[in-house]
2 protein chains.
Amino acid sequence: MANNKVSMAVIRRLPKYHRYLKEMLENGINRISSKELSDIIGFTASQIRQDLINFGGFGQQGYGYNVEDLYNEIGQILGLVKTYNTIIIGAGNLGQALANFNFGSHGFKLEGMFDINPKVTGLRIRDIEIMDMDLLEEEIKNKNIDIAFICTNKDAAQSVADDLVKFGVKAIWNFTPVDLKINNGEIIVENVHLIDSLLTLSYFLKEK
Amino acid sequence: MANNKVSMAVIRRLPKYHRYLKEMLENGINRISSKELSDIIGFTASQIRQDLINFGGFGQQGYGYNVEDLYNEIGQILGLVKTYNTIIIGAGNLGQALANFNFGSHGFKLEGMFDINPKVTGLRIRDIEIMDMDLLEEEIKNKNIDIAFICTNKDAAQSVADDLVKFGVKAIWNFTPVDLKINNGEIIVENVHLIDSLLTLSYFLKEK
DNA sequence: AATTGTTTGTCAATTAATTAACTAATTGTA
DNA sequence: TACAATTAGTTAATTAATTGACAAACAATT
């Protein structure tokens, strides 16, 4: 199971494999070749084999891949074997929407929500209390929080991120239209820049 | 202003340029070199020049780029010169969150929201009525809808997409964890696969 | 058991994307 | 006005990513 520098392009395809394999598993398909997978998922068969080889290769010549095994392997590669503790910072519409997404079923347990607005602090979303930001440090440390979702407005994002890092969070899922400056190279930052996505759509729409 | 096949990598960087240039403009910076921009935005100076050359090149040797001009040019490239009419399908937590995002300020005017759930139809979010899906065809045609945001559950996504295409929508912004099958090659589909993003984060978290 | 067909893993070839080097235009200054 | 400094545009070199080809391994069949 080699692991010297897997490219970002490959990594970003893994969740899609995982998604499709799960579906196949649910449909009772227990064997698949790279060619068949190619037809379904839209990557070339060669690319699929190359991608999987990055992590050791899980197939068998003349047979293909066992769907369940491959699903489990990719799950493992994606770190879906343990549960991560998460919190949401900013309990506005987006924060509340994410709280209701139930990422818990994928192994991401929501442990708390935070906001500065006294109109929402004290409320509960899906049994999770919205707490004041004053409690952030304590909660991160007590509950051993791994991942924080930043759903504040863009002006608050950087200072919130600084606090999160200071208090020991390991990864940030950033929903604000800001590129966070994080000095600590150990901290993972994953952005969901909705406006960038919409502008990309707009680009292609204009091209027509 | 050449335009023979700009690569996806370049296109997906454009919104970031646009974002940073806007910020500079607001800060009263009116001139910038590729080197300075590189320090701020994190792409190499060479890449920045290469990117811009795809669209004709807007700089001047010995001077750099005029921030306002470049901002406007990129805005134009991204199609931000006209207003697009949008609707949201699925008025659950996410749909409501997106309605409150106010993409109108970027030229994306929200013209309606739709849901099948009678508990939410009739309600208003930011002065936009949540309508029953029965009215979808009529509204798309009357209001000349360009873009639909799909925020339904994943099981409804494909059939909603089929209807949207049939009724004349030009682009779909898909928030469901499904890869929509659209035959009509003229239709733009832009995905926001939140779970894929979270699993990518998870991958890097596991790597540490 | 032998043979045919399938399919991965591997390696090579190709294509795409990024980075570096260079040239010529322009700015700013003495 | 002349000259040094700056900097985009351009071309070339490098690196990365994708695709194609094929041998070895295995499965299925006779």
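Chain identifiers are assigned alphabetically (A, B, ...) following the order of the sequence lines, protein sequences preceding nucleic acid strands; residue numbering begins at 1 within each chain.
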Parallel, tilted or perpendicular, as decided by the 30° and 60° cut-offs, for the rings of A:Phe55 and B:Tyr203 | perpendicular

May I ask you to evaluate whether B:Arg13 reaches the phosphate of C:dT18, defined as a side-chain N or O under 4.0 Å from OP1 or OP2?
-> yes

Between A:Lys16 and B:Asp196, is there a salt bridge with N-O shorter than 4.0 Å?
-> no

Spacing between A:Arg12 atom CZ and D:dA16 atom P, to the nearest angstrom | 18 Å

Spatial distance of atom CG (B:Leu135) from atom CG (B:Asn142) [nearest 0.5 Å] | 10.0 Å

Consecutive-pair stems (3 or more, Watson-Crick or G-U, under 3.5 Å) for DNA chain D = C:1-30 with D:1-30

Backbone N/O of A:Val178 and side chain of A:Asn174: donor-acceptor pair under 3.5 Å | yes

Measure centre to centre between the rings of B:Phe58 and B:Tyr65, then say whether the value is under 6.0 Å.
-> no

Below 4.0 Å: OP1/OP2 of D:dA28 and any side-chain N or O of A:Arg31 = yes

Want to settle it: does B:Lys35 or A:Gly62 sit nearer the 5' end of DNA chain D, counting the closest nucleotide to each?
-> B:Lys35

Taking atom C1' of C:dT18 as reference, at what distance in whole Å does atom CD of B:Gln47 sit?
-> 6 Å

Between atom CZ in A:Phe43 and atom C1' in D:dT18, what is the gap in whole Å?
-> 12 Å

Quickly work out the B:Arg49 CZ to C:dA17 C1' distance and round it to whole Å.
-> 16 Å

d(CD1, B:Ile53; C1', C:dT18) in whole Å | 16 Å

Should A:Tyr65 be listed as having a side-chain N or O under 4.0 Å from OP1 or OP2 of C:dG9?
-> yes

Quick one: is B:Ser34 getting a side-chain N or O under 4.0 Å of the D:dA8 phosphate, OP1 or OP2?
-> yes

Main-chain N/O of B:Ile140 paired with B:Asn144 side-chain donor or acceptor, under 3.5 Å | no

Could you list the protein-to-nucleotides 11-15 of chain C atom pairs, N/O on both sides, closer than 3.5 Å?
| residue | atom | partner | partner atom | Å |
| --- | --- | --- | --- | --- |
| C:dC11 | N4 | A:Gln50 | NE2 | 2.6 |

Rounded to whole Å, the CG-C1' distance (B:Asp51 to D:dG9) equals 14 Å

Should B:Gln61 be listed as having a side-chain N or O under 4.0 Å from OP1 or OP2 of D:dG9?
-> no

